[in-house]
Student: 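Structure in C-alpha cells, see below.
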Amino acid sequence: MQYPVGSPLPPPHQPGHGPALGWSPAAPHPGSPQGPAPVPPPAPGHPTAPRRAPAPQQPAPGSAPHQPVSGPASPPPVPGPHPPAAAAPVPDTTGHVPLPPGAPVAVPSVPPAAAAAPDPTTTTLAVLLIGPAGAGKTSVAKYWADHRRVPTAHISLDDVREWVRSGFADPQTGWNEHSEAQYRLARRTCGFSARNFLANGISCILDDAVFPDRPVVGLGGWKRHVGPGLLPVVLLPGLDIVLERNAERSGNRRLTDEEVARIHGRMAGWYGSGLPIIDNSQLDIPETAQLLDEVLSRSIASPPNW
C-alpha cells in the first residue's frame, strides 16, 4: 500500500484485527487545504455534458434587493511553503578526501637495471603471508605493518571469518559446505578491503593458511580477489616449533597435535613451487620481519610466477 509523501505512517496492525483504531487511510494530511472532492474523469467513449454556469439567486418577492457590503478587501491567500529542492548527491568521501574505487593490484613494475634495489619499507605493497597454524603469520604480519615507514594495514583471514558470531562454521568441527562458504566470503571480504586500502595509498599484508594442493583454499582465489600484484611469501618453521607455538594458543585457534602435524606436512608442498620460503625456526619476530623485507625486495625486482 502506498501513502502520500510526508503523511504519517499507519500504526502496525494487531494480529487477527484490521487497521488500528483511530487510523483512517483517507485522513487528510495535517496542514493540507480542504476543499470539494475532485470530480472523476468521464469514462472513455462517453461524451462529456457541457457545464452550466449557476443561475443568479433571485430575491424573494417583497424583500429588498441585496446590496453588497463595502469594506476592506480580504487579503490574498498566502502561498504555502515550497518543498526544499533535492540536495545534490554527496560523493563517496571520508571527510573531504575522495575515495578512489579499489581495483585489482597490478604486478609491481621492474626497476631499470641501473637503478638501486627497491626499498620494500617505502613501497606500497600487497603481501600474502602463508603458513601453517603456529608458524607466526599473524605476529610477524602485525610487527611488519607496525614498523613500516608508510601506512600499512594488516588483514587476517581468521579474524574476518570470526566476524560471524551466531552461526559461525568452525572448520575444526569439520570442513563442510558451510565452513567453505564462510571461508570464501571471508577471503572475498579481505580482497575487497585490500584493494580499497591500496587504491588509497595504504599497503596491506594479509595472512592465511593457504594449501598448495587444495584449489578451494589455494592461491587462485587470492589472486582473483586482490590481483596479480599480490606478493606471496611462505613462513614454514620446523614441526617442533609449530607444535610448541600451537600449545600456547587458546580457544578455537588451538588445534590438536595431529591436526597441526597434518597441516604442516601438506605445507611442505610449497617447496619447489617457486614461492619464497622463510624458515623462521630460529628467528624471533623482528628478525623474521627484517628477512621478510629482504625477500620482498627480491620479489619486487623479479615477481614470482604463480
Student: Within this structure, what is the CG-CG distance for the pair Asp207 and Leu157, rounded to the nearest 0.5 Å?
Tutor: 8.0 Å

Student: Answer whether the closest heavy-atom distance between the side chains of Trp222 and Ile130 falls below 4.5 Å.
Tutor: no

Student: Any side-chain heavy atom of Leu206 within less than 4.5 Å of one from Ser156?
Tutor: no

Student: Strictly below 4.0 Å, N to O, side chains only: are Arg262 and Glu258 in salt-bridge contact?
Tutor: no

Student: Between Asn280 (side chain only) and Ala135 (backbone N and O only), is there a donor and an acceptor less than 3.5 Å apart?
Tutor: yes

Student: Mind checking whether Ile205 and Leu292 have side chains closer than 4.5 Å, heavy atoms only?
Tutor: yes

Student: Examine distances only and state if a side-chain atom of Glu287 and a backbone atom of Asp284 form a donor-acceptor pair shorter than 3.5 Å.
Tutor: yes

Student: Contact between Val234 and Tyr271 at the side-chain level, heavy atoms closer than 4.5 Å - yes or no?
Tutor: no

Student: Mark yes or no for whether Lys137, through its side chain, and Leu129, through its backbone, hold a donor-acceptor pair below 3.5 Å.
Tutor: no

Student: Is there a donor-acceptor pair closer than 3.5 Å between any side-chain N or O of Arg148 and the backbone N or O of Thr123?
Tutor: yes

Student: State, to 0.1 Å, how close Pro132 and Leu236 come at their nearest heavy-atom pair, and which atoms those are.
Tutor: CD-CD1, 3.8 Å

Student: Would you say the side chain of Leu275 lies within less than 4.5 Å of the side chain of Leu219, judging by non-hydrogen atoms?
Tutor: yes

Student: Taking it one step at a time, do Val160 and Arg187 satisfy side-chain contact (heavy atoms from CB on, under 4.5 Å)?
Tutor: CA-CA 8 Å; Val160 174; Arg187 183 176 59 186; over 6 Å; no

Student: With a 3.5 Å distance limit and no angle check, can you tell me whether Asp159 reaches the backbone of Ile155 through a side-chain donor-acceptor pair?
Tutor: no

Student: Restricting to non-hydrogen atoms, name the atom on Thr124 and the atom on Gly201 that form the minimum distance, rounded to 0.1 Å.
Tutor: OG1-O, 4.2 Å

